[in-house]
There are 2 protein chains.
Amino acid sequence: MTDASRERAAGRRRPRQSDIARVAGVSQAAVSLILRGTPSGMALARETRQRVLDAAEELGYVPDPVATRLASARNAMLGLYTFSTTFPTDVAHSYYPVLAGVEEEAAAQGQDLILFTGSARAAARAQDPAAVRRVRVADGCLFFGRHVPEEPIRRLVEDGFPFVYIGRRDEPGVPYVGADYVPASAQVVARLVAAGHRKIRYLREHDQAPASADREEGVLKGAREAGLDTRGLVAPTDGADADALLGGWLAEGVTAVVVEQTDTGAALAGLGAAVGRAGLDCPGDLSLAVLGAATGTRGRAPGGGAAFSGFDVPMREMGRDAVRLLLELIAGSPGAATRRLLPCEPVEGGTIAAPRPPKKHT
Amino acid sequence: MTDASRERAAGRRRPRQSDIARVAGVSQAAVSLILRGTPSGMALARETRQRVLDAAEELGYVPDPVATRLASARNAMLGLYTFSTTFPTDVAHSYYPVLAGVEEEAAAQGQDLILFTGSARAAARAQDPAAVRRVRVADGCLFFGRHVPEEPIRRLVEDGFPFVYIGRRDEPGVPYVGADYVPASAQVVARLVAAGHRKIRYLREHDQAPASADREEGVLKGAREAGLDTRGLVAPTDGADADALLGGWLAEGVTAVVVEQTDTGAALAGLGAAVGRAGLDCPGDLSLAVLGAATGTRGRAPGGGAAFSGFDVPMREMGRDAVRLLLELIAGSPGAATRRLLPCEPVEGGTIAAPRPPKKHT
DNA sequence: CTGAAAGCGCTTACAG
DNA sequence: CTGAAAGCGCTTACAG
């Protein structure tokens, strides 16, 4: 029976550096040096090195990340904290592609991920600062969600803890990777105008968030650039008043509606249902465009098979890029800008057509 | 200027317990006791307590979670290690519901999650034992995936590290939460027989895994119980030879096909395409049943809107239950069995109908 | 080239 | 009822 196997058989305690040291007959500090592959560790006697490496292997040594972190402040773990519901039953939710992108890039960079759970609940109860505080076990953290408690974050900034938002933020100095909604939204309006629409409405949720503000700004920009009247263009909804809104618009001669897609999906769902109940054909009777469905999880137009026209939010790529930026921040060397906006891919879809000619001409 | 505010102004260093101790004129250990609200802390002199609490408040003290965890030897983190591709682009993949269930229960139990990334890749390269070993940073770990390297796992067992498989395992003594495929599969056959089918085929992938073995066992059991001939019943496929298989079956008078759904989905995809190319109506010309789509991510029959008949795998519930079991293991008190099989919910679907009567009767 | 020591910030027995 | 000490597992100067 070797020393090492005796160690292992002795108990369920995890092997630590001092165990390796005893087995290999060196000091614990030497073990640390050798295992970490530091210059001074590399310089140790070849034979000693090998003895330590062998002992570590035999004991099944794995460094304790908590101890490592306390002593050195690095553990190759990135946090992911979300203020939305983390795993909604609805698979089409935008969280999945983000998580996929984050996981993909983290894996590529040799980082593990700590998923901070119950974030949505924690945010609900008075923005409990302790909830956000625990992200500090990781080297850095990614934040995601439309609504973010400000105070705990401010604290993180103060302490110089590295973090990145997924999604644009207004707070100055806060690093983020977001989607470039303004030009993408303006371009959607331009497409409708190009198809012949002049009477357009933009349906958004009451809910305030940078993503919503940017989309609205883009829609207004597009409308102004096309010389459209922007009065009454923007209509906030909670989704429940869609029938009334739609009825009013049809009476006014509105031929196209642009809707924002959020994580609740309330506006789009409400409008879709209203269009269905009104017995309207889309895009025959009404053109529809959606601002920001997640790639690969696009919805379908009411009553039909057509995918919505509009643009995609590059969720997956945002996740990937956020990981890259976070690692730069952790390393202390942000290469490019620390506030980035990624372009949104236009989606052709099948819900935009030329407006029906006025009845008198028929 | 108070002592505390001087401290705060001094630098950006986070205040720690010793700072509070100095300001309040007590020992650092006393600060710990009082701040944690332990019984002995509560017993301290009222006035002393208040001084400490005030100092902590004024300094803006926030406990360092890393140090806390090092000192208390528990980190309230559960690992999740998967041997499948973690986040396939195909959202319908079975990983998502599992992760959702795990996250849900972990949050409910106040545990965070460590996602070990790049697992699929690590498994590919010679079952690198170091890859699996790093799960020990967590208090315990969940494993998921059809194919699992045995050696690293054996090591975990030896060391008494708490872990749970999501999915049934053959290795004795290994705790798992799986799906009860045998009775569910037998019942699918029974339903086909009840609908009038006598000539049935079971299409499975070549790939070996407990889940596949169990489904086949169930299908054979169901067939025997119905008095069907089991010769030629089971047909392994890689998905590419589906046309030939299907053609042969039709010539033989087969009226129903049962397919297994795996994480690759090769068998089902192959058959679906073949049915489409043959111009068959489902279930008019051929009844179809699928063994094990994940809840909420059911596929659709070829060329139609009907959901597949068969059963659902309770992925989400498996994830939840695995977390519960793991926590019991960590606490050292497994309440119920450590090897559990959860029932699969039958799915009515729309791809089973009575077989078409033989032509001569038409 | 190698080993002994101090320290990261906290918790937890254990003496007074 | 209170305080001084040891220790969690590691890293990092700093002496030999």
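So that the names make sense, note that chain A is the first sequence line, chain B the second, and so on, each numbered from 1.
- A straight line from CZ of R49(B) to P of dT2(D) spans 11 Å, rounded to a whole angstrom.
- Mapped onto DNA chain D by nearest heavy atom, Y61(A) and G25(B) fall at different nucleotides, with G25(B) at the one closer to the 5' end.
- In terms of phosphate contacts, S32(B) brings a side-chain nitrogen or oxygen within less than 4.0 Å of OP1 or OP2 of dT11(C).
- Atom CD1 of I34(A) and atom P of dT12(D) are 15 Å apart (whole Å).
- Scanning DNA chain C for stems, defined as runs of 3 or more consecutive Watson-Crick or G-U wobble pairs whose donor-acceptor distances all fall under 3.5 Å, gives the following ranges: C:1-3 with D:14-16, C:5-12 with D:5-12, C:14-16 with D:1-3.
- Side chain of T68(B), nearest nucleotide from dC10(D), dC10(C), dG3(C): dC10(C).
- Using a 4.5 Å cut-off on side-chain heavy atoms (C-beta onward), F163(A) and L329(A) make no contact.
- We find that CZ of R16(B) is positioned 15 Å from P of dT11(C), with the value rounded to whole Å.
- Distance from the side chain of T48(A) is smallest to dT2(C) among dG9(C), dT2(C), dG9(D).
- Nearest-nucleotide positions on DNA chain C place L70(B) closer to the 5' end than the other of A29(B) and L70(B).
- When each of V102(B), D321(B), V177(B) is tested with I166(B) by the rule side-chain contact (heavy atoms from CB on, under 4.5 Å), just one qualifies, namely V102(B).
- Counting only heavy atoms from C-beta outward, the side chains of Y61(A) and V31(A) never approach each other to under 4.5 Å.
- Of the candidates dC10(C), dC10(D), dA4(D), dC10(D) carries the atom nearest the Q28(A) side chain, counting heavy atoms from C-beta on.
- When rounded to the nearest whole Å, the span between CZ of R69(B) and P of dT12(C) equals 14 Å.
- An OP1 or OP2 oxygen of dT11(D) is reached within less than 4.0 angstrom by a side-chain nitrogen or oxygen of Q17(A).
- Atom P of nucleotide dA5(C) and atom CG of L33(A) are separated by 17 Å, given to the nearest angstrom.
- Between D64(A) atom CG and dG9(D) atom P there is a gap of 7 Å when expressed in whole angstrom units.
- One can place CZ of R136(A) at 16 Å from P of dC8(C), the figure rounded to the nearest angstrom.
- When each of I114(A), V323(A), L142(A) is checked for a side-chain contact (heavy atoms from CB on, under 4.5 Å) with L80(A), only L142(A) meets the rule.
- Here the OH-OH distance, from Y81(A) to Y165(A), works out to 10.5 Å after rounding to the nearest 0.5 Å.
- By the 4.0 Å N-to-carboxylate-O rule, R339(A) lies too far from E171(A) to be salt-bridged with it.
- Here the P atom of nucleotide dT12(C) and the CG atom of L35(B) are 14 Å apart, to the nearest Å.
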(message) Between R51(B) and D54(B), does the salt bridge (Lys or Arg N to Asp or Glu O under 4.0 Å) criterion hold? Intermediate values first, please.
(response) CA-CA 5 Å; R51(B) 248 191 2 255; D54(B) 289 348; over 6 Å; no

